[in-house]
Every structure is written in C-alpha cells, then in structure tokens.
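To start, the structure under review is shown below, and the notes come after it.
All figures in this text were calculated on a predicted structure; none of them were measured in a lab.
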Amino acid sequence: MKQRVLIALAFLLEPELVILDEPTSALDVVTQAEVLRAIKEIKARYNTTMIFITHDISLMPSIADEVAVMYAGKIVEVGPVKDVLYNPSHPYVSALISSTPSLYVDPAKVRPIAGEPPSPFEEISGCPFWPRCPYAMDVCKVEEPSAAAVGNKIVRCFLFK
C-alpha cells in the first residue's frame with residue numbers, strides 16, 4: 001500500500017518525467033501486476049516519460065520501450081527493449097538473460113554468471129566485466145570500451161570495434 005501511495009504522489013502534479021526505483025520490489029505477483037497496470041495507465045493518460053529502475057528483467061518487455069543494462073555502474077548495452085532482451089550483444093547481457101529463470105525456459109538451461117561481481121570500493125581498470133567474460137581479450141583488461149552501434153543498439157564491448 002505504501003508503494004501505491006508513493007506512486008500516486010509522484011504523479012499528482014502530472015510531471016513530464018518520473019523516476020521509479022524498484023517500484024514493484026517485495027510485492028507479491030498479483031499486487032505487482034496491479035501496480036504495473038496503474039503505472040501504464042498513468043503513463044498513457046499523461047504521456048509521462050518514466051525511468052524504471054529494476055533488477056527484475058522479466059518486467060521490462062511489459063513496461064519499457066527502451067532499456068539500458070548496467071554493470072558495475074556503467075551502461076553496457078542500450079536500445080529497444082525487444083532488441084536488447086531477445087537479441088543481446090554484450091556478453092554480460094547475454095549472461096544475465098541466461099541466468100534468469102523463466103516459465104518458458106527449461107530450468108536445466110539456466111546458467112549462473114561465472115565469477116564474482118566487482119567490489120564497489122575498488123577501482124576497475126578496463127572493462128568492468130572482463131574478469132567474468134568468456135570473450136575477454138587483453139585490451140579489455142586495460143582499456144574501457146567506447147560505445148559502438150550494433151544495429152539499433154549501443155554496446156560498450158571490444159567485440160564490436
């Protein structure tokens with residue numbers, strides 16, 4: 001109920017932009033669906049731009065037009081939600097999707113991401129994903145990749161240079 005009240009307050013003055021940080025976390029599936037329906041209705045009614053921050057990538061196809069996937073505080077892939085989630089280019093995005101259980105995926109095919117995420121207290125040299133990346137090259141360890149266009153997405157990975 002608190003999350004519903006906060007969402008209502010956020011839209012009270014009909015803002016042009018609303019940032020929703022984990023608006024459905026810790027909610028049961030039924031309540032989550034109700035909150036998402038309300039957010040979509042408000043978005044459509046007021047033509048509000050929303051930045052929806054979540055760790056639950058299964059929500060993205062139903063709520064987002066565009067998605068930016070971050071790793072260690074850096075955007076690694078951005079583009080239309082269907083292109084990013086159904087045809088990922090960055091190795092982290094591919095690994096993230098492969099590690100996410102789903103009703104439509106055989107549980108035996110769900111794969112954890114190898115290694116450990118970097119500490120937020122340590123400085124990272126090069127691409128932040130290289131220690132866990134199966135495609136890491138020497139350049140990944142020393143240089144941070146710049147953005148590259150891959151179809152209608154932007155990807156930060158030396159595989160696309």
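Taken together through direct or relayed side-chain contacts under 4.5 Å among Ile, Leu, Val, Met, Phe, Trp and Tyr, Val78 and Leu20 form parts of separate hydrophobic clusters. The cluster map of Ile, Leu, Val, Met, Phe, Trp and Tyr, joined by side-chain heavy atoms under 4.5 Å apart, puts Ile75 and Val81 in different clusters. Both Phe160 and Val139 belong to a single network of hydrophobic side chains, linked directly or stepwise wherever heavy atoms of I, L, V, M, F, W or Y lie under 4.5 Å apart. There is a path of hydrophobic side-chain contacts, each under 4.5 Å, that joins Val18 to Tyr46. Hydrophobic clustering of Ile, Leu, Val, Met, Phe, Trp and Tyr side chains at less than 4.5 Å, counting indirect connections, keeps Val93 apart from Ile154.
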Derivation of the side chain to side chain contact (heavy atoms under 4.5 Å, CB included) call for Arg132 and Ile113 | CA-CA 7 Å; Arg132 303 174 81 185; Ile113 301 173; 3.3 Å; yes
Go through the steps to decide whether Phe52 and Glu22 satisfy the test side chain to side chain contact (heavy atoms under 4.5 Å, CB included), and finish with yes or no.
-> CA-CA 7 Å; Phe52 193 95; Glu22 298 284 356; over 6 Å; no
Going through the checks in order, is the side chain to side chain contact (heavy atoms under 4.5 Å, CB included) test met by Met50 and Leu17?
-> CA-CA 6 Å; Met50 296 183 198; Leu17 171 68; over 6 Å; no
Take Leu27 and Val35 through the test side chain to side chain contact (heavy atoms under 4.5 Å, CB included) and record every step on the way to the result.
-> CA-CA 9 Å; Leu27 297 177; Val35 168; 3.9 Å; yes
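Applying the side chain to side chain contact (heavy atoms under 4.5 Å, CB included) test between Val69 and each of Ile97, Ile57, Leu96, Val155 identifies Leu96 as the sole match. Tested against Thr24 for a side chain to side chain contact (heavy atoms under 4.5 Å, CB included), the candidates Leu36, Val29, Thr31 yield a single pass: Leu36.
A side-chain donor-acceptor contact under 3.5 Å links Lys40 to the backbone of Ser62. Judged purely by atom type and a 3.5 angstrom limit, Arg111 has no side-chain atom pairing as donor or acceptor with the backbone of Ser99.
Rounded to the nearest 0.5 angstrom, Thr100 OG1 and His55 NE2 are separated by 11.5 Å. Between Ser94 atom OG and Tyr135 atom OH the span is 7.0 Å, to the nearest 0.5 Å. The structure places CD of Glu16 at 7.5 Å from OG1 of Thr49, a figure rounded to the nearest 0.5 Å. Going from atom CD of Glu143 over to atom CH2 of Trp130 covers 14.5 Å, rounded to the nearest 0.5 Å. In this structure, CD1 in Ile53 is found 4.5 Å from CG in Asp21, a value given to the nearest 0.5 Å. Taken from CD1 in Ile39 to OG1 in Thr48, the straight-line distance is 11.5 Å, to the nearest 0.5 Å.
With hydrogens and angles left out, the side-chain atoms of Ser125 and Lys141 include no donor and acceptor closer than 3.5 Å. For the residue pair Asp56/Thr54, the side-chain donor-acceptor check at 3.5 Å is not satisfied.
Looking at Glu144 and Lys74, a side-chain N of the basic residue comes within less than 4.0 Å of a carboxylate O on the acidic one, giving a salt bridge. Using a cut-off of 4.0 Å between Lys/Arg side-chain N and Asp/Glu carboxylate O, Asp65 and Lys82 are scored as not salt-bridged. In this structure, Arg156 does not pair ionically with Glu77, as no charged nitrogen and carboxylate oxygen lie closer than 4.0 Å.
The shortest distance between side-chain heavy atoms of Cys157 and Pro91 falls below 4.5 Å.
Counting all heavy atoms, side chain and backbone alike, Glu66 lies closest to Pro80 at OE1-N, 3.9 Å. Considering every non-hydrogen atom in both Pro128 and Ile124, the closest pair reads CA-CG2, 3.5 Å. The two residues Val84 and Gly79 have their closest heavy-atom pair at CG2-N, 3.6 Å. The shortest heavy-atom contact between Cys127 and Pro131 is O-CD, 4.3 Å.
Ring pair Tyr92/Phe129 is perpendicular by interplanar angle, where above 60° counts as perpendicular and below 30° as parallel.
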